[in-house]
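Atoms considered below: every heavy atom in the structure, side chains included; atoms not considered: hydrogens, waters and symmetry mates. The residues of the chain are indexed from 1 along the displayed sequence.
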Amino acid sequence: MEAKTPAESRTILTDLVLPGETNPLNNLFGGELLARMDRAGSIAARRHSRRIVVTASVNHVAFNHMVPLGSVVTVEAKLSRAFNTSMEVVIDVWIEDRESGKRTKANEAIYTFVAVSETGRPVHVPPIIPETNLEKERYEAALRRKQLSLVLAGKMKPSEATELKAIFQ
């Protein structure tokens, strides 16, 4: 399999926040934002793997700013790392000021997707080659996050989590 860059998976979804998608405070429902992030992330993972993908986990979500009714919301997703069959996708959410057009980062998330065959069996994905400094940082951090998840799930012994151990030495 030929390696790909994170840029090849980049996905951008832009939409408006409509009245039926808001809570009593007229801000976007968190679940609606999660669904938008899941869609963008799955497209990015599919672009990388060229396979059917399923959401394996939502590893991190930060709702840093409210997203008001009428906002233009942009969800940007890009692979940070590809493992054997799984892919970590970093998602940034931006809101645009109606008058100035200035974009503000409102939220962020990290999702993991698994590539599967037509019968739902996991399949291998191409490796990824990070290019920018940010992509390289995210690439390295992805392995630490994966090891932490495996340790917490009891699927890896803490002594085997070499990347995590290196942080504390």
Side-chain angles (χ1 to χ4, degrees), residues 1-18 20-21 28-64 67 72-95 103 105-156 160-164:
M1 267 182 213
E2 192 172 320
K4 296 181 178 183
T5 65
E8 293 176 80
S9 68
R10 186 170 180 233
T11 300
I12 300 172
L13 299 178
T14 302
D15 203 356
L16 287 171
V17 176
L18 301 174
E21 301 165 331
L28 184 65
F29 277 119
E32 173 63 31
L33 183 56
L34 289 170
R36 291 180 187 199
M37 290 189 289
D38 194 34
R39 281 192 291 276
S42 68
I43 293 168
R46 185 176 183 146
R47 284 179 172 164
H48 179 78
S49 66
R50 291 293 166 207
R51 303 301 293 240
I52 296 167
V53 298
V54 296
T55 308
S57 66
V58 179
N59 306 332
H60 168 77
V61 177
F63 295 106
N64 297 319
V67 180
V72 172
V73 179
T74 300
V75 180
E76 296 183 10
K78 189 163 48 168
L79 252 71
S80 54
R81 189 151 184 165
F83 295 97
N84 289 327
T85 62
S86 67
M87 297 157 281
E88 183 186 89
V89 178
V90 175
I91 302 164
D92 294 316
V93 178
W94 302 85
I95 54 175
R103 289 178 9 135
K105 187 172 176 180
N107 302 296
E108 60 190 12
I110 299 172
Y111 281 55
T112 299
F113 295 88
V114 174
V116 297
S117 68
E118 298 292 333
T119 59
R121 291 214 177 284
V123 295
H124 287 282
V125 299
I128 197 163
I129 301 171
E131 297 180 307
T132 69
N133 287 338
L134 179 59
E135 289 170 355
K136 290 173 185 175
E137 288 171 21
R138 288 177 168 177
Y139 179 89
E140 294 300 324
L143 181 56
R144 291 189 295 272
R145 283 188 290 273
K146 180 172 183 160
Q147 286 185 355
L148 179 59
S149 292
L150 291 171
V151 168
L152 292 173
K155 295 179 181 179
M156 175 184 267
E160 296 171 350
T162 55
E163 293 298 313
L164 290 177

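Asn107 places a side-chain N or O within donor-acceptor distance of the main-chain N or O of Asn64, the cut-off being under 3.5 Å. With Thr74 contributing its side chain and Val72 its backbone, the two residues share no donor-acceptor pair below 3.5 Å.
Using a 4.5 Å cut-off on side-chain heavy atoms (C-beta onward), Pro126 and His48 make contact. Contact annotation: the side chain of Ile52 approaches that of Glu118 to within less than 4.5 Å [non-hydrogen atoms, C-beta and beyond]. Side-chain contact between Val61 and Leu33: absent, with no pair of heavy atoms (C-beta onward) separated by less than 4.5 Å.
The two residues Ala115 and Val125 make their nearest non-hydrogen contact at CB-CG1, 3.4 Å. Closest approach of Val89 and Ala44 over heavy atoms only: CG1-CB, 4.3 Å. Here the shortest heavy-atom pairing between Ala45 and Met87 reads O-SD, 3.5 Å. Nearest heavy atoms, Tyr111 versus Leu34: OH-O, 3.0 Å. Across all non-hydrogen atoms, the minimal contact from Ala77 to Ile91 is CB-CG1, 3.9 Å. For the residue pair Val151 and Ala161, the shortest heavy atom distance occurs at CG2-CB, 3.9 Å.
Around the NE2 atom of His60, the shell of radius 6.0 Å holds more than 12 heavy atoms that belong to other residues, nucleotides or ligands.
For the atom pair CE (Met1) and OG (Ser49), the distance works out to 9.0 Å, reported to the nearest 0.5 Å. In this structure, Lys78 NZ and Ile12 CD1 are separated by 9.5 Å, a value rounded to the nearest 0.5 Å. Put simply, OG1 on Thr132 and OH on Tyr139 are 13.5 Å apart, with the number rounded to the nearest 0.5 Å.
Each side chain to side chain donor-acceptor pair (under 3.5 Å) pair with one or both residues in residues 84-95, not counting sequence neighbours, appears once here: Ser80-Glu88, Glu88-Arg145, Asp92-Lys105, Asp92-Arg138. Sorted by first and then second residue, the pairs that involve residues 29-43 and meet side chain to side chain donor-acceptor pair (under 3.5 Å), not counting sequence neighbours, are Glu21-Arg36, Glu32-Arg36, Asp38-Thr55. Evaluation of the salt bridge (Lys or Arg N to Asp or Glu O under 4.0 Å) test over residues 41-53, restricted to residues two or more places apart or in two chains, returns none.
Not counting sequence neighbours, the partners of Leu143 by the side-chain contact (heavy atoms from CB on, under 4.5 Å) test are Arg81, Phe83, Gln147, Glu163. For Ser117, the side chain to side chain donor-acceptor pair (under 3.5 Å) test picks out Thr119, with sequence neighbours left out. With sequence neighbours left out, Thr5 forms a side-chain contact (heavy atoms from CB on, under 4.5 Å) with Ala7, Glu8, Glu131. When the side-chain contact (heavy atoms from CB on, under 4.5 Å) test is applied to Val54, the partners found at least two apart in sequence or on another chain are Val114, Val116. Annotation: salt bridge (charged side-chain N to carboxylate O under 4.0 Å, His left out) contacts of Arg103 (sequence neighbours excluded): Glu76. The side-chain contact (heavy atoms from CB on, under 4.5 Å) check on Glu137 picks up Leu134, with sequence neighbours excluded.
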